[in-house]
Every structure is written in structure tokens, then in C-alpha cells.
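Worth knowing before you read on, the calculation uses all heavy atoms, side chains too, and leaves out hydrogens, waters and symmetry mates.
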Amino acid sequence: MGRHSLPDEYGAGAADPRPRARRRNVAIATVLVLTVAAGTAAAVRGGLLSFGGSCQDHAVRLEVAASPDVAPALRATADHARKNNITSDGRCLDVSVTARESYKLTDALRSGKKSDVQVWVPDSDVWVQRVSEDSTATDVTNAGNVAYSPVGVAMVPSAAKSLGWPEKTYTWTELAGATMTSDRLKLGAADPTRSATGLLALTQLSTAAAQAKGGDTQAAAMAKALSQRTSDSDSQVLDTLPRDSSGTEQGNPKRNQALILSEQTAFAHNASADSGDGLDLFYPKDGSPQLDYPFTLVDEPRLSTDQSRAALRFMTLLGESEPQKILRKHGFRTDAATASNALVTEAGGRSPQPYAQASAEPASAKALQETLGMWTITVQSARITTVVDASASMTEPVPGTDQSRMDVTKASLLQALATFTPEDEIGLWKFSTKLDGDKDYRVLVPTERLGDRKGGGTQRDKLSAAFSALEPVQGGATGLYDTTLAAYKAAISSYVKGKFNALVILTDGVNQDPGSISRSSLVAQLQKLTNPERPVPLIAIAVGPDADKEEVDQIAKATGGSGHQVNDPSQIHSVILKAIVAAGSQS
């Protein structure tokens, strides 16, 4: 932007721009002033800048793409500019505002194709960051923020009342937990890969959960539960609310009584004629992340001097008195640190909900990326074959219990099975030695979609029965190496694109088949079979004190997977979930 002088700050009918206290905007403004001061002064002396009066010749036309929630307010501001002859360098502003989903324009800009817009106002800077991080993407420049809206959890009045709204306050994990433990209270959200609201909230949830013991597993479980109730966009998630207060609608399992929403979305919903009783809004007491609506120049080096200066003029206009009123009228905060009581009330908030407290610290790029990785893996349909050790040593008792290793393993596998959706594909093998002729393994349930129905039950029913029926083989040894190689070959040959493909092997001992391949040969063959374009990580879990953690780790890492040690088989469920998250974040 340094090659352009700053546009005139006052056009006909314009009010003084409001002071900006935010550090980022102050820094940007300072740079602009320092770099363009000489050019501006020269332009004024030369009569090129007009600070009022009528328009010159032709208006400067700007194409603005904006997030659908803020587009109406920007369009109204553009109308205000036309009606009041707001000028840039003496030429009227002719601003055309088009509503574009932020994620869609992000994808278009990342492709590097020439854009048809000069200005982009997404709902969050996370989209600008995503474009900026791509070296082949179109150039984007964040010039400041034009509005704000915190993210909270909105509920239908009956659900909010059951949780003690407005007097009782909750953290993010407490709110999410309340919706996971009640059949009458379901939480919906927009897809975090397509919605900044969903991504910022899930990142906040994950960060909060990670502070507790077992937090990674808890966060993944919450993501898995939330994934089954997501919508493509913030506007579509509102369609999942009960349509009326009847028992049929309120009890409909496809309806959500609670939604992760921005304050502005709740405001707009409550202001609509058909919103009924409206929504009550919880502001989590551990901080609400904020949508921050960055005013972004698109491919700035390509813009003409008139376009660049007009764009900055439109940005300064948005900070003036009348446009600020327009933004507040549409439910936006115009200052990151100030909350209007009237706006909060219309959005469904009320004291003592902490709507005026400082917003949550912005999530780091690393935290956002980790959350997206976790989401992709826990939400993406999985294709997983589980291979369970059925050697005689699985009859050994688990210390402190009256159950065997196999008993506890079966219970943990059944618990893990409950976390998968009907779209997931799960199968089961067992192994010992010489189970099927010379083979050390046997396929009990082929890997198929859990929701598929054959005969009298579903694939999930078959797996539940097979898990429950697992028993150790009397006198059986551990045929680990041959089984691992055969199962991995089967997994890669049946690879399904678009799913998270993995192989899970549980063993309580070291390889005991003297006629099998060696460990070094197994590792070499696994490395040769592995294809980064079609990843199938091996998740190997050593169960009990007799298993060799170093061995399973070496075998698993040959495929890009991971080895784990658990002395208590009841931990298997948590370890599988954590390993899946770790594998997905690396893919």
C-alpha cells in the first residue's frame, strides 16, 4: 500500500471517524500515515485531493465480497455513501457488496486465480491467515477490523431454563458436557472446516479440555459427538432448531435445542418475525472467541491507485458515526472491548452472563491447525480393522480385578465401538498360532460399514457379538509377525479414498511363532508397502507387562503409525482414540 497516498478522510455528509484503540489497527494506521504522508501532502498542494463538495466525473467502483452476516450492513453503508456523495479524492464511491461464504472465497483465493473483487470482508481473520500461508495464493492484506461478534451457546428457552439461565454460568466444557449427557438437549454447530464460528468454538473447547487429565480424549469425544449434528453453514444450523414448542418438535432427535452461534446470528434470529420465543444466549465464563471481520485488500499490487485509495476510504467510512449505527443496528459490536446492553439483550443475553468480560485470547495458528486435524480425523468416516491377540496369555488376571485381560479388552473394545458412526467401517480379526491351518489369524468379521444390514442385524450388531464372544485359544502362542503383515496387506489392498484408513493391533506378548518372518523382515516389508498417497497407519497397542512396547513401536512406525503400552486393558478405548487423533494430525 506504500505506493498510494491516503485518501481524503472526509466526504460530503461524513462524520468524524471514531478513534481506534485496538493495537493492530493503530499499528496499521501508523504505517499508512508514515509511508504516505509525503504523497498526500504533495497531492493536496497539487489540488488532487478533494475534501468535500461534489463528485468529479466518474465514480470509483469497488467490488466487495463479504460474509453473508455482515453483507447487509456493508450494503447499507454503501447506499449511505452514494446518498451522501461520500468521495475519495473528489470522486464518488460506487461500492457493490456481494455476500460470499468465507470458506468458498478462501478456496478460490488459495487457488491463485485472478479475483473479481478488490475488497474481502470475511467473518474472521482465520480465513485471511489461511490464504496468506499458501505461497501460491492470491495476495491478501488485512487493513483493519470493521466489526466484532463473540461466540457463545444459544438455547431454546426451555433448555436454557433447565440449565439455570441466566443466573448460572458455565465453561465451554461444562456446556458441551451438559449437551452430551442429556437426550433432551442436543448441541448443533456449523462445520468447523467451513465456519469460523464452529472452528473458534471447537478450538476453545479443545484448549479448555486439554488442561484436564485425559483432556485429549475428552476433546476428541466431544468433536465426535458434535460432528453428528453439524450443518454446512451458520445460517443452515438455525434450521435445525425445533420449529415450534410442541412435544413432537422438541423431542425430535434430529432437532437441536442448543447451537454454537455468534452473538450477531442470535441477534438476527431473535429479531426475525418467525423466531417465536427467540433464543437465550450463554456466554462461557472462560472466554468467548470473537469473529473480527477483517477489511482485506485483495491482490493489492494489481489495484489501481484510485481503487486502492477508494477501498481505504470505504474502510474509514465504516468507522464513522452513521455506518457505526448501521453496524450496531444489524447486531454487531463496533468495539472489541465494549458491549451494548441493548444489543446483548436482543441477542438473548442477560446479566449475570459474562457478556462484557474480555474476549478469549485469539487462538494461535498452531492451535487452529491442530483442532482442524483432530476434527478431520474424528469426524471423517473411518475404515479400521481391529486385530486382537487371542493367545493363552490373555487368560491372565488383571491386577485388582476378578477379570482376565481378555474380559477387560472386550469391554474396552465395545466401548470404543460405541463412539463410531454408521458411516464408519470396522472389522475384526483374531490371532494366536495355527488358527486356520498354517495361518496364525482368522477373519471373524470383514471390515464393512457399521450401518449396513445383512440378515437379521447390522454390521455393528455382528461386531458387538464377535467382540463379546472373543475367547483365548487354549495353549495358543502369539503369532504376531505373520498376522501383522497379512492384516496390513489386506488393509492397503482394500483402501478407501476419503476415509481415515488404519489398522489396530492389540497384543499382550512378543512374537512366539518360530516359523514366522523375522522382525527386521517385517519392518522392511511394511516400509515397502507403505504409500504416503494412500496412508494406512498401524496403531499397535502392547497390553500388559509381558508385551514389548519397543517392538510394537518399531513395527508401527514403519507405516507412519504409533506404538502404545497399556498395563490396564480398560485404557484401550482411550488409547485408540488418542492414537487416531495423532495419526490424523500428521496426515
Side-chain angles (χ1 to χ4, degrees), residues 1 61-78 94-149 151 189-203 230-237 261-262 264-265 268 289-304 307-308 310-312 314-315 318 327 330 332 362-363 365 368-369 371-372 375-376:
M1 291 183 288
R61 183 169 179 80
L62 284 179
E63 294 290 342
V64 177
S67 176
D69 50 352
V70 78
L74 298 186
R75 203 172 287 126
T77 301
D94 182 11
V95 180
S96 177
V97 180
T98 304
R100 299 272 296 272
E101 292 285 359
S102 298
Y103 78 92
K104 290 184 178 179
L105 193 50
T106 296
D107 290 343
L109 292 172
R110 291 182 71 182
S111 72
K113 294 180 180 178
K114 183 177 179 181
S115 178
D116 58 350
V117 302
Q118 291 82 50
V119 175
W120 176 35
V121 185
D123 56 7
S124 172
D125 189 53
V126 300
W127 304 113
V128 181
Q129 290 179 32
R130 192 171 299 178
V131 175
S132 298
E133 290 165 358
D134 194 326
S135 60
T136 62
T138 300
D139 181 69
V140 290
T141 307
N142 182 347
N145 304 89
V146 300
Y148 300 87
S149 190
V151 175
D191 184 342
T193 64
R194 298 182 171 192
S195 161
T197 303
L199 176 57
L200 292 172
L202 186 60
T203 303
T230 55
S231 302
D232 283 348
S233 67
D234 295 297
S235 58
Q236 289 182 21
V237 77
L261 293 180
S262 71
Q264 190 278 333
T265 301
Q290 289 209 88
L291 301 180
D292 56 4
Y293 302 91
F295 191 94
T296 310
L297 300 181
V298 178
D299 203 0
E300 197 268 346
R302 178 179 60 85
L303 302 184
S304 68
Q307 287 176 324
S308 183
L312 294 176
F314 188 60
M315 186 184 76
L318 286 163
L327 286 164
H330 283 80
F332 294 97
L368 292 169
Q369 189 58 44
T371 298
L372 280 175
W375 175 261
T376 299

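Of the possible polar contacts, none joining the S308 side chain to the S304 backbone as a donor-acceptor pair under 3.5 Å is found. Formation of a donor-acceptor pair under 3.5 Å by the S262 side chain with backbone atoms of T265 is found in this model.
In terms of heavy-atom proximity, A71 sits nearest to V97 at O-CG1, 3.8 Å. Across all non-hydrogen atoms, the minimal contact from A78 to V95 is CB-O, 3.5 Å. Contact between A99 and R75 at its shortest, heavy atoms only, is N-NH2, 3.9 Å.
Within the 4.5 Å cutoff, side-chain heavy atoms of D69 are placed close to those of D123. Side-chain atoms of T203 and P289, non-hydrogen and from C-beta on, never get closer than 4.5 Å to each other. A heavy-atom distance below 4.5 Å is not found between the side chains of P122 and T106. A heavy-atom distance below 4.5 Å is not found between the side chains of T296 and T141. Put simply, the side chain of Y293 does not reach to within 4.5 Å of the side chain of N145, judged on heavy atoms. Looking only at side-chain heavy atoms (C-beta outward), L109 and V298 come within less than 4.5 Å of each other. Using a 4.5 Å heavy-atom cutoff, the side chains of T98 and V64 are not in contact. Taking the side chain as every heavy atom from C-beta outward, D299 and P301 approach each other to under 4.5 Å.
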Worked verdict on R61 versus S96 for side chain to side chain contact (heavy atoms under 4.5 Å, CB included):
CA-CA 8 Å; R61 183 169 179 80; S96 177; 3.6 Å; yes
Where do L318 and T77 land on the side chain to side chain contact (heavy atoms under 4.5 Å, CB included) test, with the steps shown first?
CA-CA 7 Å; L318 286 163; T77 301; 3.7 Å; yes
Working note: L297 + V140, criterion side chain to side chain contact (heavy atoms under 4.5 Å, CB included); need CA distance, chi angles, decisive distance, verdict.
CA-CA 6 Å; L297 300 181; V140 290; over 6 Å; no
Apply the test side chain to side chain contact (heavy atoms under 4.5 Å, CB included) to residues S124 and L200: give CA-CA distance (whole Å), side-chain angles for both, the deciding distance (0.1 Å), then the verdict.
CA-CA 9 Å; S124 172; L200 292 172; 4.2 Å; yes
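Distance CZ/F295 to CG/N142: 10.5 Å, rounded to 0.5 Å. In this structure, the separation between CG on D107 and OG on S102 is 11.0 Å, given to the nearest 0.5 Å. For the atom pair CG (L202) and CG (L372), the distance works out to 8.5 Å, reported to the nearest 0.5 Å. The structure places CD of Q307 at 4.5 Å from CD of Q118, a figure rounded to the nearest 0.5 Å. For the atom pair OG of S195 and CH2 of W127, the computed distance is 7.0 Å after rounding to the nearest 0.5 Å. Rounding to the nearest 0.5 Å gives a distance of 14.5 Å between CG of L199 and OH of Y103.
Between E300 and R302 no salt bridge is recorded (no basic side-chain N to carboxylate O distance below 4.0 Å). Checked for salt-bridge contact, R194 and D232 meet the test: a charged N lies under 4.0 Å from a carboxylate O.
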Please tabulate, one pair per line, all N/O donor-acceptor pairs under 3.5 Å involving side-chain atoms of residues 129-138, not counting sequence neighbours.
residue	atom	partner	partner atom	Å
Q129	NE2	D125	OD2	3.2
S132	OG	V128	O	2.9
D134	OD1	T136	N	3.1
D134	OD1	T136	OG1	2.8
D134	OD2	R110	NE	3.4
T138	OG1	K113	O	3.2

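When the side-chain hydrogen bond (donor to acceptor under 3.5 Å, both in side chains) test is applied to T193, the partners found at least two apart in sequence or on another chain are D191. Evaluation of the salt bridge (charged side-chain N to carboxylate O under 4.0 Å, His left out) rule for E101 yields no partner, not counting sequence neighbours.
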